[in-house]
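Order of appearance sets the numbers: ligands from 1, and atoms from 1 within every ligand. Everything numeric in this text was worked out from a predicted model, so none of it was measured.
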Amino acid sequence: MLPSILSATLLFAGPALSSPLERLQSRATSIDPVINIDFPDPAVLNVAGTWYAFATSGNGKNVQSASAPAISGPWTVLPNDLLPTVGAWSNGANVWAPDVRQIGSTFVLYYTATDAASTNQHCVGTATSNTILGPYTPQADSIACNITAGGDIDPSGFTDIDGTHYVVYKKDGNSIGHGGSCGNTVAPIVPTPIMLRELAADGITPVGDPIQILDRSDADGPLIEAPNLILVNGVYILFFSSNCYTTTLYDISHATASSIKGPYTKQAWLAVTDNPFSLTAPGGATATVDGQNMVFHANCAAGRCMYQSKITVSGTDVSFST
Ligand SMILES: *[C@@H]1O[C@H](CO)[C@@H](O)[C@H](O)[C@H]1NC(C)=O
C-alpha cells in the first residue's frame, strides 16, 4: 500500500478533529533551523553529555562539526575539519554524509568521497581518532566501493543489542542512471538499494558480504538513500530518504523489521515537503540511538540547514512530536 499525505497525518497524535484537512492544518508547525548554515546530511553523537553534529563538506571543511549542551541546542559551529586528509582510495573530493560512532575508546568516522579511479562514482571509507573532534586518520582502503553498480554513499554506523557492529549505506545506482531526476527516472531504472554490512569489533573491518535490505519502488521516484538504523523495543527502524534532494519531493521515510537482516517493510512517510513543519525537502535524517530525537536537513536560505525534532516510536510507527 502506498502511504499518502493523509495517512501520514494520521500518525501525528493530537486532539480529535473532524477532518484530515484540519488535522493537517493543526500540524503545520513551523520550526527554525538549529544550525543556520549549509550543514547537509547531519549525524549526531552524544559524548559524555555533550552533543556533536557532523555534516557534509562545506564552509571550507571536508567534515563540518558543531556541538551543543542539549540536542535542541544552542548549537555552536566548530572550526575543526574532522577529516583534513581523505583516504588514499579517494581523490579527496566530495566528502559527504559523515557519521561518527564511539567504539570502545575509539571514534570511528564513516564517510563518502569521490573514488580516485572512477571520478563519477563515490565510495565509503573509514577514519579513526582518539578524540571526538579529530583530526581523524583515514584507512587507506574503502569499505564499500562497487563501481560497476554505481559506487556506494551515505554510510551510517549501527551497533546491535548483541554488540555486533554494522554499517548501512546506499548503492549509488543513480550515478549510472539513464537521465531524468537525479539521473534515474529514464528507463531502464537502476537499483539504488540500501545495503547492510557487518563489521568486526573495531567497527572498520568488513565481515562477510554486504546484503541488500531495501530498494526503491516507483513511489520513491529515482532513488532511496541516506539510511540510518536504530533499534527500539525489538523493532529495527531503518530511516531513509526518497526522491531527488534537489526537488521538493525529497522526504524522510522509514521501514521496519524484527530482524536486522530484514525483511524490512516500508511504513508511512514520516516527512514530506510542507508536512508537518512547513519545510522544503526535509531529508538526510539521523535519529538518536534511543529513538527519541532526530536531526535532518531541509532547504533554507544558506542551502540545507540542520533541524531537530523529538520523535515518538510506537511499535513500527514513528511520528514527530513537539
Ligand atoms: C556489485 O553489485 C552488483 C549488482 O548489485 C553485484 O551483482 C555484484 O556482486 C557486486 N560486486 C561486489 C564485489 O560486491
Side-chain angles (χ1 to χ4, degrees), residues 86-91 93-97 99 108-127 138-158 160 164-229 236 238-245 253 255 257 259-266:
V86 177
W89 59 267
S90 168
N91 70 0
N94 298 313
V95 178
W96 294 342
D99 184 57
V108 178
L109 168 66
Y110 305 94
Y111 66 97
T112 306
T114 300
D115 185 60
S118 299
T119 55
N120 287 327
Q121 269 70 48
H122 298 78
C123 295
V124 169
T126 54
Q139 272 65 48
D141 295 327
S142 61
I143 58 165
C145 194
N146 190 330
I147 294 296
T148 56
D152 298 287
I153 70 169
D154 292 350
S156 184
F158 174 73
D160 207 353
T164 308
H165 304 301
Y166 295 88
V167 61
V168 288
Y169 57 89
K170 170 211 180 189
K171 223 178 216 187
D172 199 21
N174 53 295
S175 79
I176 53 168
H178 304 282
S181 181
C182 267
N184 201 29
T185 51
V186 175
I189 305 296
V190 181
T192 66
I194 303 303
M195 308 298 289
L196 172 79
R197 191 156 204 196
E198 187 178 333
L199 302 169
D202 60 7
I204 53 177
T205 307
V207 174
D209 292 326
I211 65 162
Q212 176 174 324
I213 55 173
L214 201 71
D215 199 3
R216 59 163 295 290
S217 63
D218 287 348
D220 297 301
L223 59 84
I224 54 173
E225 63 185 16
N228 168 241
L229 186 60
Y236 292 88
L238 179 66
F239 296 102
F240 61 97
S241 290
S242 301
N243 286 293
C244 187
Y245 77 99
S253 297
S259 157
I260 188 167
K261 294 182 178 173
Y264 283 83
T265 303
K266 288 179 186 173

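Looking only at distances, no side-chain donor or acceptor of Asp220 sits under 3.5 Å from a matching main-chain atom of Leu223.
Of the candidates Asn94, Thr119, Asn120, Thr114 forms a side chain to side chain donor-acceptor pair (under 3.5 Å) with just one, namely Asn94.
At a distance under 4.0 Å, no protein heavy atom can be found next to atom 9 (O) of ligand 1.
In Asn91, the CG atom is crowded: over 12 heavy atoms of neighbouring residues, nucleotides or ligands sit closer than 6.0 Å.
Among all protein heavy atoms, the one lying closest to atom 1 (C) of ligand 1 is Asn146 ND2, 1.4 Å.
Remark: ligand 1 and Thr148 share no N or O pair separated by less than 3.5 Å (distance only, no angle test).
Between Lys171 and Asp215, none of the side-chain N atoms (NZ, or NE/NH1/NH2) sits under 4.0 Å from a carboxylate O, so this pair counts as no salt bridge.
For ligand 1, the atoms sitting less than 4.0 Å from at least one non-hydrogen atom of Ala149 are 2 (O), numbered in the order shown with element in parentheses.
Ring planes of Tyr236 and Phe158: perpendicular class, angle over 60° (limits at 30 and 60°).
Residue contact check for ligand 1: Lys171 places a non-hydrogen atom closer than 4.0 Å to it.
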